[in-house]
Amino acid sequence: MQRRLRTTATLVLALVLSLSMVTATPAGAVAGFGDVAGDEFYTDAVQWMVDNDITSGTSPGCFSPGNATSRGQVATFIHRAHGQPSAGPSGFADVAAGSFYASAVGWMVDAGITTGTSPSTFEPDRLVTRGELATFLHRAEGSPVSGGESFVDVDAGDFFADAVGWMVAEGITTGTSPTTFSPDRYVTRGEVATFLYRVAGSPGVTLASGGDCATAAESVQLAVAEAHSFNLLNDLRVGLGLPPLVRLSPMDADARAWSHTMDATGDFEHSDLPYGENIAWWSAGYASPEEAAQKMHDLWVNSPGHYANMTRQNYTSMGVGFWRSDSGGWHATHVFSS
């Protein structure tokens, strides 16, 4: 069923009860992140990090593999990769007790992985170089002795020389070229993931489908629209004496991915996901997240088929996914399940 309405902006909505399954994600995206393609050197590593609760990304649907990493972030990744052992305070004046990296830095001090950048500072926000990361990883493994060959830009007297030699011997790195390691270059999140994964022995992974990656500002707007849409629907159900629906993250991911896919492909059609489904599009790119959520809600309420999905007695859970186009306009998807 499809219905078209025209006011000062174009609005389109549709509904479906589907039984077959397709992947509702941008082509190639994996590991739950829209910015992690299926054929990158870090792909399996990122999936392994997700599987082992080492990362949840930089924002909903984003891993940001090309971003440089801070000392606080690297400490947290290494700590989680080692099972998050308990530790006391770090003793550094610039590591607050409530910070996300406090336990990790404390453990690194206890384990002899770091002595900080001075007796009183760790500088958690300072970016990490490849040489520094090599040193952290080497110390975290007990500083094993290795006679591995190194690179022309790694001198025997460098503080990271033994660490890089160990990484070469263990197959953790092949450098940035056959002759260089680039120890002074800031390490990226994709590289950190890859090094940690190789230290762990490169265990096999099963790639999960990807998500949608928006900028931080866009993510906030999408989250506001989705939350408002969810509340509007449950207010409707409760007002009718129906039980409220539970919002599930995996269903949210499916719904958001489909809204993004419709925007990316320019096709307004159903996903064939195994859910009851309402979809809508509104071309009013100027609308606020709350206005977009209210408009989609009103469209669905005033369409008998969509309204039936919204008020179906046997539905117990749902997912909400909005996407805002670069050129203006909103796509919205609700998926329902019993």
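What you see is a predicted model; the values in this text were computed from it and never measured. Atoms considered below: every heavy atom in the structure, side chains included; atoms not considered: hydrogens, waters and symmetry mates.
Distance alone, capped at 3.5 Å, places no donor-acceptor pair between the Ser229 side chain and the Ala225 backbone. With Asn234 contributing its side chain and Leu245 its backbone, the two residues share a donor-acceptor pair below 3.5 Å. In this structure, Gln47 contributes its side chain and Ala208 its backbone to a donor-acceptor pair below 3.5 Å. Of the possible donor and acceptor atoms, none in the side chain of Gln221 sits under 3.5 Å from a partner among the backbone N and O of Pro289. A donor-acceptor pair is defined here as one N or O able to donate and one able to accept, closer than 3.5 Å; such a pair exists between the side chain of Trp258 and the backbone of Glu269. A donor-acceptor pair under 3.5 Å is formed between the side chain of Asp35 and the backbone N or O of Ser64. Checking side-chain atoms of Thr180 against main-chain N and O of Asp153 turns up no donor-acceptor pair under 3.5 Å. Side-chain atoms of Ser337 do not come within 3.5 Å of backbone N or O of Ser317 as any donor-acceptor pair.
Using a 4.5 Å cut-off on side-chain heavy atoms (C-beta onward), Phe77 and Arg189 make contact. Here the side chains of Met251 and Tyr275 are in contact, with some heavy-atom distance below 4.5 Å. Counting heavy atoms from C-beta on, the side chains of His306 and Asn309 never come closer than 4.5 Å. Residues Pro183 and Thr129 are not in side-chain contact: their nearest non-hydrogen atoms beyond the backbone lie 4.5 Å or more apart. Side-chain contact between Met167 and Arg130 is absent, with no heavy atoms from C-beta onward closer than 4.5 Å. Looking only at side-chain heavy atoms (C-beta outward), Ile279 and His331 stay at 4.5 Å or farther from each other. Between Met262 and Trp323, every side-chain heavy-atom pair lies at or beyond the 4.5 Å cut-off. When side chains are defined from C-beta on, Val301 counts as touching Tyr307, because their heavy atoms get closer than 4.5 Å.
Cluster annotation: Val50 and Phe41 are assigned to the same hydrophobic cluster (Ile/Leu/Val/Met/Phe/Trp/Tyr, side-chain heavy-atom contacts under 4.5 Å, transitive). A single hydrophobic cluster is seen to contain both Phe230 and Leu240, as judged by linkage of ILVMFWY side chains at heavy-atom distances under 4.5 Å, directly or through other members. Under the 4.5 Å side-chain heavy-atom criterion for Ile, Leu, Val, Met, Phe, Trp and Tyr, Phe92 and Ile113 are members of distinct hydrophobic clusters. In terms of hydrophobic clustering, with Ile, Leu, Val, Met, Phe, Trp and Tyr side chains grouped at heavy-atom distances under 4.5 Å, Val128 and Met49 are assigned to a common cluster. A single hydrophobic cluster is not seen to contain both Leu233 and Val238; linkage of ILVMFWY side chains at heavy-atom distances under 4.5 Å, directly or through other members, places them apart.
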- Task: Verify side-chain contact (heavy atoms from CB on, under 4.5 Å) between Tyr42 and Thr188, making sure each step is shown before the conclusion.
- Result: CA-CA 11 Å; Tyr42 49 75; Thr188 68; over 6 Å; no

- Which is it for Tyr315 and Met310 under the side-chain contact (heavy atoms from CB on, under 4.5 Å) test, yes or no, and what are the steps along the way? CA-CA 9 Å; Tyr315 283 155; Met310 299 167 78; over 6 Å; no

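The two residues Ser146 and Gly165 make their nearest non-hydrogen contact at OG-O, 3.4 Å. Between Ser177 and Phe151, the shortest heavy-atom distance links the atoms O-CE2, 4.0 Å. Between Glu40 and Thr43, the closest heavy-atom pair is N-OG1, 2.9 Å. The heavy-atom pair separating Pro243 from Gln313 by the smallest distance is CD-NE2, 4.0 Å. Shortest non-hydrogen contact noted between Phe181 and Ala134 is CZ-CB, 4.3 Å. Glu290 and His228 make their closest contact through O-CD2, 3.5 Å (heavy atoms, listed as atom of the first residue, atom of the second, distance).
Here the OH-OG distance, from Tyr186 to Ser70, works out to 12.0 Å after rounding to the nearest 0.5 Å. Here the CZ-CD1 distance, from Phe136 to Ile78, works out to 6.5 Å after rounding to the nearest 0.5 Å. Taking NE2 from His297 and CG from Asn278, the interatomic distance works out to 11.0 Å, rounded to the nearest 0.5 Å. Taken to the nearest 0.5 Å, the CZ atom of Arg71 stands 10.5 Å off from the CG atom of Asp125. Between the OG1 atom of Thr311 and the CZ atom of Phe336 there is a distance of 9.0 Å, given to the nearest 0.5 Å. Separation of atoms OG1 (Thr333) and CG (Asp252) is listed at 11.0 Å; rounding is to 0.5 Å.
Using a 30° and 60° split on the angle between ring planes, Trp166 and His138 fall in the tilted class, from 30° to 60°. Note: His334 and Trp300 have tilted aromatic rings, judged against thresholds of 30 and 60 degrees for the angle between ring planes. Note: Trp48 and Tyr197 have tilted aromatic rings, judged against thresholds of 30 and 60 degrees for the angle between ring planes.
Note: Phe268 and Trp281 fail the aromatic proximity criterion, with ring centroids not under 6.0 Å apart.
Applying the side chain to side chain donor-acceptor pair (under 3.5 Å) test to every pair with at least one member in residues 104-121, sequence neighbours left out, gives these pairs: Thr117-Thr121, Thr117-Glu123, Ser118-Thr121. Within the structure, every pair that satisfies the side chain to side chain donor-acceptor pair (under 3.5 Å) test and touches residues 80-104, not counting sequence neighbours, is listed here: His82-Glu141.
Checked by atom type, the side-chain pair Ser325/Asp263 shows a donor-acceptor distance below 3.5 Å.
Tested against Val74 for a side-chain contact (heavy atoms from CB on, under 4.5 Å), the candidates Leu127, Leu133, Leu196 yield a single pass: Leu133.
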